[in-house]
Protein chains: 2
Amino acid sequence: MRSATPAPRERPHSATTADARGGGKAGGDGTVRGDDVAPGDDASRGDGSRVSGGRAGRRPVTSAAELERHALMIFEERGFDATTVDDIAAAAGIGRRTFFRYYASKNDVAWGEFDAHLETMRAGLAATPPDVPVLPALRRAILDFNTYPAAEADWHRRRMALILRTPALQAHSMLRYARWRAVVAEFVAERTGRGEGALEPQAVAWAFLGVAIAGYEEWLVRARADLIPILDRALGLLVDGLERSL
Amino acid sequence: MRSATPAPRERPHSATTADARGGGKAGGDGTVRGDDVAPGDDASRGDGSRVSGGRAGRRPVTSAAELERHALMIFEERGFDATTVDDIAAAAGIGRRTFFRYYASKNDVAWGEFDAHLETMRAGLAATPPDVPVLPALRRAILDFNTYPAAEADWHRRRMALILRTPALQAHSMLRYARWRAVVAEFVAERTGRGEGALEPQAVAWAFLGVAIAGYEEWLVRARADLIPILDRALGLLVDGLERSL
DNA sequence: CCCGGTTGTGACACCCGATGTCACAACTTG
DNA sequence: CAAGTTGTGACATCGGGTGTCACAACCGGG
């Protein structure tokens, strides 16, 4: 889901991209930050064969996933705040302006294709048998939502560590969380026959979001632990009642 | 707590402040946004009497509270994003740079003296009799924390509406919430004998934060409702157990 | 093989939030 | 009045984000 690198082609006329500095009214001397990295270290195709799937127009130079990889590595190496968009763009071999066509902001890179993933949770909740009570249904759906193939576990951990430990990203994540909560609230509203904006669905959504994040933070602290059991314990606090669990 | 306007004095040599535009290398034509508003509409003292409390140095031209008032009004009128820091500074009759000496960012204006207020909650929790169970103690403390004098109710509503409905502020608020959660978690940790960073204290803090915000949102929707009963109902969801309340 | 339509990129120009620096204003105390 | 202290304003600079426009690269069809 995360590695769909499009068919790579060799880059003709790539001479200009080295000095790809956007913005900056400053007529200065250049301040070349990133070095001229090849856009992808994937296997390069020798011939100029046409592999395009009948799609019109110029082929993308990179992909959102590849940008995300570059960005995450630089973030980890230099820190999120100290990394400029130009750094990421240069590392990916694209211009600054192009970066913003893949991601709306520097913050958004960290979350990748969260929204698409979220849709699967919505669908999963909608498909829950009606005889499963609301809270256990949520518990199950949230666990599923956060279940990743083992191969991606390390990647996921690094991504979440970045998100949950960088203040700017913590803040920005609120907007993602809002959509996540909307999905949960929608389900609770439908199940309990209340309006989606009513207190109970919203409160439940908030509460589940909160304990889930607490679970994530616990997971990040425990070096080699599995996420799911911890998350399950956190969700259990709500499902079984806080009082009984303290 | 919020209205401590310092003794106003007439402003000598105020001629320059009209064109108080900071930054901007642009040698453009000016783009004068805010009009030259008087810094405070409070009663002006005629004589130049010395009322200072023995404090050395130049007296502040304005105050954080006054800036907050100006800012909130402009935000409501023009929208948060469309309001520039220069607008606020101009309205308050100060320079842009001076604004940032009162508040670290445009976002921070909205929250005012939240941190100071938070300390009282910490103290209140610490002073809770040990025979009161954890969850009811939290419920009580949170209600107290959000109890404002009736005179400030409208002000508080407007402030929270701004915060909870402006994406940029929603995001930024995460950082305030983190400190709020830390206070709650500290209390729970002490009561339950766990580490402050352990899963349960953090989860409880998150959950209470969440339902409290849900309560606030409900309050904002209901035009003339009181905050406290709604908030109490939201907190009750956790204290009494989610399941029993759905 | 050129031609128009489509899609992606790069350069340029700007806006605005935020920060460091420094000179100067205003006030207190001696 | 001089010296020390505190607040303010102007200047310069950085970096994220956006609109615009020309151009590149690919498609199909004539």
Side-chain angles (χ1 to χ4, degrees), chain A residues 6-7 9 11-28 31 33 39 48 50-63 80-90 92-109 168 172, chain B residues 6 9-28 31 33 39 48 50-63 80-90 92-109 168 172:
Chain A
R9 61 254 78 99
R11 309 188 297 134
H13 81 312
S14 68
T16 58
T17 57
D19 191 84
R21 305 177 57 248
K25 61 251 80 185
T31 322
R33 241 176 280 260
R50 310 206 169 169
V51 234
S52 57
R55 214 190 86 278
R58 178 174 176 171
R59 267 176 310 222
V61 177
T62 182
S63 67
F80 181 83
D81 293 315
T83 303
T84 72
V85 173
D86 287 281
D87 293 337
I88 306 170
I94 61 172
R96 165 199 175 75
R97 195 64 183 80
T98 303
F99 171 90
F100 285 107
R101 292 206 185 81
Y102 284 92
Y103 289 103
S105 74
K106 189 173 109 174
N107 293 323
D108 283 309
V109 191
H172 181 75
Chain B
R9 62 253 78 97
E10 66 261 79
R11 309 186 298 135
H13 82 311
S14 66
T16 57
T17 57
D19 191 85
R21 305 177 57 247
K25 62 251 79 188
T31 320
R33 239 176 282 260
R50 310 205 170 169
V51 234
S52 58
R55 215 190 86 279
R58 178 175 176 170
R59 266 176 309 223
V61 176
T62 181
S63 67
F80 180 83
D81 294 314
T83 302
T84 71
V85 172
D86 287 282
D87 293 337
I88 307 170
I94 62 173
R96 166 197 176 75
R97 195 64 183 82
T98 303
F99 170 91
F100 285 105
R101 293 208 181 79
Y102 283 94
Y103 289 102
S105 75
K106 190 173 106 172
N107 293 324
D108 283 309
V109 190
H172 181 75

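Residue numbering restarts at 1 for every chain, and letters A, B, ... go by the order of the sequence lines. Keep in mind that the numbers below use all heavy atoms, side chains included, and drop hydrogens, waters and symmetry copies.
- Here the C1' atom of nucleotide dG16(D) and the CG atom of Asp81(A) are 12 Å apart, to the nearest Å.
- No engagement by Phe99(B) is indicated, since no non-hydrogen atom pair under 4.0 Å with the nucleic acid exists.
- With distances taken from any side-chain atom of Pro60(B) to the nucleotides dG16(D), dG7(D), dG17(C), the minimum falls on dG7(D).
- One interatomic measurement links the two molecules: CZ of Phe100(B) to C1' of dG9(D), which rounds to 14 Å at whole-angstrom precision.
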Under-3.5 Å N/O pairs linking protein and nucleotides 19-22 of chain D:
| from | atom 1 | to | atom 2 | distance (Å) |
| --- | --- | --- | --- | --- |
| dG19(D) | N7 | Arg97(A) | NE | 3.4 |
| dG19(D) | N7 | Arg97(A) | NH2 | 2.9 |
| dG19(D) | O6 | Arg97(A) | NE | 2.8 |

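- The minimum heavy-atom distance linking Lys106(A) with Ile88(A) is given by the pair CG-CD1, 4.5 Å.
- Remark: the backbone N or O of Thr62(A) is paired with a side-chain donor or acceptor of Tyr102(A) at under 3.5 angstrom.
- Contact between the side-chain N/O atoms of Tyr102(A) and the OP1/OP2 oxygens of dT9(C) is found at a separation under 4.0 Å.
- Among dG17(C), dT5(D), dT9(C), the nucleotide with an atom closest to any side-chain atom of Val61(A) is dT9(C).
- Residue Arg59(A) has no polar side-chain atom (N or O) positioned under 4.0 Å from OP1 or OP2 of dA25(D).
- For Arg96(B), the side-chain atoms get nearest to dA18(C) when compared with the rest of dG17(D), dA18(C), dT9(C).
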List every contact pair, protein side and nucleotides 2-4 of chain C side both N or O, where the distance is under 3.5 Å.
none

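- In this structure, of dT5(D), dA25(D), dA18(C), it is dA25(D) that holds the atom nearest to the side chain of Arg58(A).
- Contact between Asp81(A) and Ala168(A) at its shortest, heavy atoms only, is OD1-CB, 4.2 Å.
- In this structure Asn107(A) satisfies the side-chain hydrogen bond (donor to acceptor under 3.5 Å, both in side chains) test with no other residue, sequence neighbours excluded.
- Taking OG1 of Thr98(B) as the start and OH of Tyr103(B) as the end, the distance is 14.5 Å to the nearest 0.5 Å.
- Taking 4.0 angstrom as the limit, Thr98(A) places a side-chain polar atom (N or O) nearer than this to OP1 or OP2 of dG10(C).
- Partners of Phe100(A) according to the side-chain contact (heavy atoms from CB on, under 4.5 Å) rule, which considers only residues two or more places apart in sequence or in another chain, are Val85(A), Arg96(A), Arg97(A).
- Side-chain proximity of Ser105(B) to the nucleotides dG17(C), dG17(D), dA18(C) is greatest for dA18(C).
- Here Phe80(B) pairs with Phe75(B) under the ring-ring contact (aromatic ring centres under 6.0 Å, His included) rule; sequence neighbours left out.
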